[in-house]
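Scroll down for the structure; my scribbles are underneath it.
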Amino acid sequence: MKEEVVIGLEIHIQLMTKAKMFCHCSTDYIGKEPNTNTCPVCLGLPGSLPVLNKKVLEFAIRTAVALNCEINQVSKFHRKNYFYPDLPKGYQISQYDLPLGRNGYMEIFLPKSQERRRIGVTRVHIEEDAGKLVHEGDIASSSYSLVDYNRCGIPLAEIVTEPDFRSPEEARIFLVQLRSMVQHLEVCDGNMEEGSLRCDANISLRDAKSTTLGTKVEIKNMNSFKAVKKALQFEVDRQKMLLTEGIEIIQETRHWDEAKNVTVSMRSKEEAHDYRYFPEPNLLPLKVDLKMTDEIRRNLPELPEARRERFINNYQIPEYDAEILTSTKALGDFYEKAASLYSNSKVISNWIMGELIRYLNENKVGIEDSPISPEKLVGMLKLIDDGIVSGKMAKGIFEKMFKNGKDASKIVKESGITQITDKNELFEVIDTVIKENPRSVEDFNEGKEKALHYLVGQVMRYTKGRAKPDFVFNAIKQRINKTIR
Amino acid sequence: MTLNQLTAHEAINLIKKKRITAYEAMQDIFTQIDKVDNLIKAFLVINREEALKQAKEIDKKVKNGEKLPPLAGVAVAIKDIIATRGTETTCGSKILKGFYPPYNATVINSLREAGAIIIGKTNMDEFAMGSSNENSAFGPTYNPWDLERVPGGSSGGSAAAVAADEAFFALGTDTGGSIRLPASFCGMVGLKPTYGRVSRYGLIAYASSLDQVGTITKDVTDSALVMKVISGHDYKDSTSASLEVPDYLKSCQEGIEGLKIGVPKEYFIEGIDPEVKDAIDKTLKLFERLGAKIEEISLPHTEYALPAYYLIATAEASSNLARYDGVQYGYRTENCEDLSSIYKRTRSEGFGNEVKRRIMLGTYALSSGYYDAYYLKAQKVRTLIKEDFDKAFSKYDILITPTSPTPAFKLKEKIADPLTMYLTDIYTLPINLAGVPAISLNCGYNKNNLPIGLQIIGKHFSEETILRAAFNFEQNNSVEKKKPSMKPAKHKEAKK
């Protein structure tokens, strides 16, 4: 039997409105002292009532429209009832049978096969976030837990995909592209590590010829895109092995254990959840008219796909470059700013994709916090163009710029290391090297090209890298030929 | 006569005219509380010092010739289900003992801005679930007309306090009759507004689609006065109506010539006390004499109101009361080993029996496999009940019914069988399901000197009309104006 992997994703994104979903509290809760970003409404105090923040609706519609959803003109809130300490009301205000958007899709680009695949989006709905539990020790053995309600009431959009993924890598690619999309829409900063983008997955295997779905396993607790791929791959392998041994796959929820690189069954902790959904009586039905939807559609910011096309056309860079540069909004913004200040957009692309991204990753810094700004990058490139430093020297300067945030010309001034442009000075060194290395000169004359490179190297050593390599190369050749003649 | 025996509008007037001071009126109020509340047990919390202080401040304003707000200086009692900042708010339940809300309900702010002085919180059936005030975790309240009888519920404390002249007026809440029933048992005027007329922000929820804050007063004028203050749109309550608040005081004084009154026959079936029927008949005759046109009508789905209510209200309650879990505030059990036992024991120990009963009913009605047959079905029936009223109001201006099939019953008489207790509300429940306004006022006494309540129902947002009908009735009827005896029927000497 040829097995087919069937994966669907359930993604939650925190919407970047200024205020929470049902009260005036700020959404800027990260890093705040526990339980300081709350009010009677998000604490669910007796007598409090929710009032919908209209911006949440706008952001969610923007997301649903960008995902090509049909927008329900009448949409309802429902209560999802369950008991947990981080849920102060004992229910979450969510949506059930009348979500904001349905029947959408997003097209993803699979670089390996150069294929475009359409991933169905079953629904987009809005709901409020819960608080955070902190356990003393570890969850299994702790003697107490603390609750922080700062996150209660933060607006979420839930995006559910059809089970259209056929490999863990496809799921990962979708997440990368979805993140870029929500960043470009300016509805979410898409940070999985900070929890502003979360993902659960459903995975099953089936006979490739079949159309019925196999037994579905839900996977939770994946905290990065990499983890999603690893967890899903683990599941594929686990389920394949079970099937080969003729063991039935149990429908259950499994947690990804990042430390042990395995998924663990949560069956013993599971009770069949009956959420007893019913319409939220404290909120009126949502009316989203066509006018509002159309206006949002017309005013959509540039999406990553369109931006990528524009980068390719306007900046004349290859698709590969454009793909990387539009993988996050901040990166695209950085590139555009730099490209607006400098004519050679391919060179900028190379420096960003090469050196800059490398240093950012090594130091775990986001592009938004890059010590090298687009202006500073361009400043350095101009120094190369003016011959003040060589390309090779620039790499060293770039490293220094990253470390201490200074701009290139300042670094060059402070170190006094500029490229030697004075030809006489260079020829002095060249003549010295030629004199000191007669054997190499002989070797070169006998046709050994390598000897020339050695001589160039010696000049570079003498000048501490400040000579321009190609000039030296030609100059030495010239000198030697002169001497011989 | 002591000052606490005045109506609110009389006291306000006299204070304004400097014939009495707010302080001396307040003193008379507390003298009365000291004299009778150990018998009536209307109050759970009394804020004496603060109230007297506020009374002095009103008197200062009077002295300085400042313009006085509409309720300046009068003592008001608040049902303990309404959030009052810094004052314990228990909803008559052990599970909220020690809960001090950090904020005021909108209606509290409205009353304070209007110059009213909150003197304390009144006793009630736990979480507003009950019709007799016997379900309070802190003991029952006693009917001032006969201390062996119930004052009605769930706003029993508020109704008894006003009837016993322990406050000039009170706020109650009404989900299935909880203002109108105790008002009728205590001979007071109780008004439940249209759903959405008064803000629910700060009203601790029992059934969100049915709850409303309303007034319990000594006469119709006071009801109009207070309604004007507490009504209006509140952005903090998404279900509050964005409609102008009319001048209820002015319009209630117009006549009722030509008023078309419907009398639904389903409210006069077997089980109604003959003295109640008699009092209503006399009432209808008076309305005719005043120029109204009376016709019998039918509200065919009336009999389904009780079961629909006990599915919808309990379902919403099961969700609204889920937050009482011992985690953040209120009661938490001392014997627990883990999360599950905190939840189970806190709620088992903290809630009374009727509350637990209704939570279980409501949870069942919402559960998977039963939702369609119970909750959803009940909501559909609710629409039919509402349509009965809509049809009636297309032809009639108001409807008149008794408030309750009987006057006040004895303590413990109905507490053994919940269903018997539930039947007390059959005339009031349909009104909440439809969301229409209704007022109960006294229309006579039975042979045991117990008040009999008359209910006037209007269409949505027609508080003006029902107040007008009530006012005209009040001004022209021959019902004796008397005060309750505050004795048990056998005239046992009250223990001091």
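Only heavy atoms go into these numbers, but all of them, side chains included; no hydrogens, no water, no symmetry mates. Every chain is numbered from 1 and lettered A, B, ... according to where its sequence line falls, protein lines coming before strand lines.
Options A:Y91, A:Y144, A:F22, A:Y275 differ in how many heavy-atom pairs under 4.5 Å they form with chain B, and the most are formed by A:Y91. Interface check for chain A: of the options B:Q379, B:E316, B:E337, B:R200, the most heavy-atom pairs under 4.5 Å are formed by B:R200. The candidate from A:P85, A:G44, A:G47, A:P50 with the greatest count of non-hydrogen atom pairs under 4.5 Å with chain B is A:G47. Highest contact tally toward chain A, considering only B:S318, B:S368, B:A365, B:S209, is held by B:S368 [criterion: heavy-atom pairs under 4.5 Å]. Taking B:G326, B:G202, B:C91 one by one and counting their heavy-atom pairs under 4.5 Å with chain A, the maximum is reached by B:G202. Annotation: maximal heavy-atom pairing with chain A below 4.5 Å, among B:P101, B:S319, B:A315, occurs at B:S319. Of the listed residues (B:Y370, B:Y343, B:Y371, B:Y324), the greatest number of heavy-atom pairs within a distance under 4.5 Å of chain A belongs to B:Y343.
Looking at B:L339, the atoms closer than 4.5 Å to chain A (heavy atoms on both sides) all sit in the side chain, from C-beta outward. In this structure, chain A has heavy atoms under 4.5 Å from both the backbone and the side chain of B:T363. Residue contact with chain A, scored on non-hydrogen atoms closer than 4.5 Å, involves the backbone and the side chain of B:N320 alike.
Sorted by first and then second residue, the pairs that involve residues 32-51 of chain A and meet salt bridge (Lys or Arg N to Asp or Glu O under 4.0 Å), not counting sequence neighbours, are A:D28-A:K32. Sorted by first and then second residue, the salt bridge (Lys or Arg N to Asp or Glu O under 4.0 Å) pairs involving residues 142-158 of chain A (not counting sequence neighbours) are A:D129-A:R151. Within the structure, every pair that satisfies the salt bridge (Lys or Arg N to Asp or Glu O under 4.0 Å) test and touches residues 365-386 of chain B, not counting sequence neighbours, is listed here: B:K386-B:D390.
Summarising the geometry of A:R79 relative to B:S208, their closest heavy-atom pair is NH2-OG, 3.5 Å, with the distance given to 0.1 Å. Contact detail for A:V51 and B:D237: the closest heavy-atom pair is CG2-N, 4.4 Å.
Counting heavy-atom neighbours within 6.0 Å of B:K236 NZ, excluding the residue itself, gives a total above 12. More than 12 heavy atoms of other residues, nucleotides or ligands lie within 6.0 Å of CZ in B:R345, so this atom counts as buried by the packing criterion. A 6.0 Å sphere centred on NE2 of A:H24 holds no more than 12 heavy atoms belonging to other residues, nucleotides or ligands. The neighbour count for A:F83 CZ, taken as heavy atoms of other residues, nucleotides or ligands under 6.0 Å away, is above 12.
Contact of the A:P40 side chain with the B:Y201 side chain is registered, since non-hydrogen atoms from C-beta on lie closer than 4.5 Å. Using a 4.5 Å cut-off on side-chain heavy atoms (C-beta onward), B:T89 and A:P46 make no contact.
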Checklist entry - A:N35 and B:Q328: side-chain contact (heavy atoms from CB on, under 4.5 Å), yes or no, with the steps? => result CA-CA 11 Å; A:N35 297 313; B:Q328 242 195 100; over 6 Å; no
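Of all residues in residues 276-289 of chain A, those placing a non-hydrogen atom less than 4.5 angstrom from a non-hydrogen atom of chain B are A:R276, A:Y277, A:F278, A:P279, A:P281, A:N282, A:L283, A:L284.
Interatomic distance, OH of B:Y103 versus OG of A:S48, reported as 5.5 Å (0.5 Å rounding).
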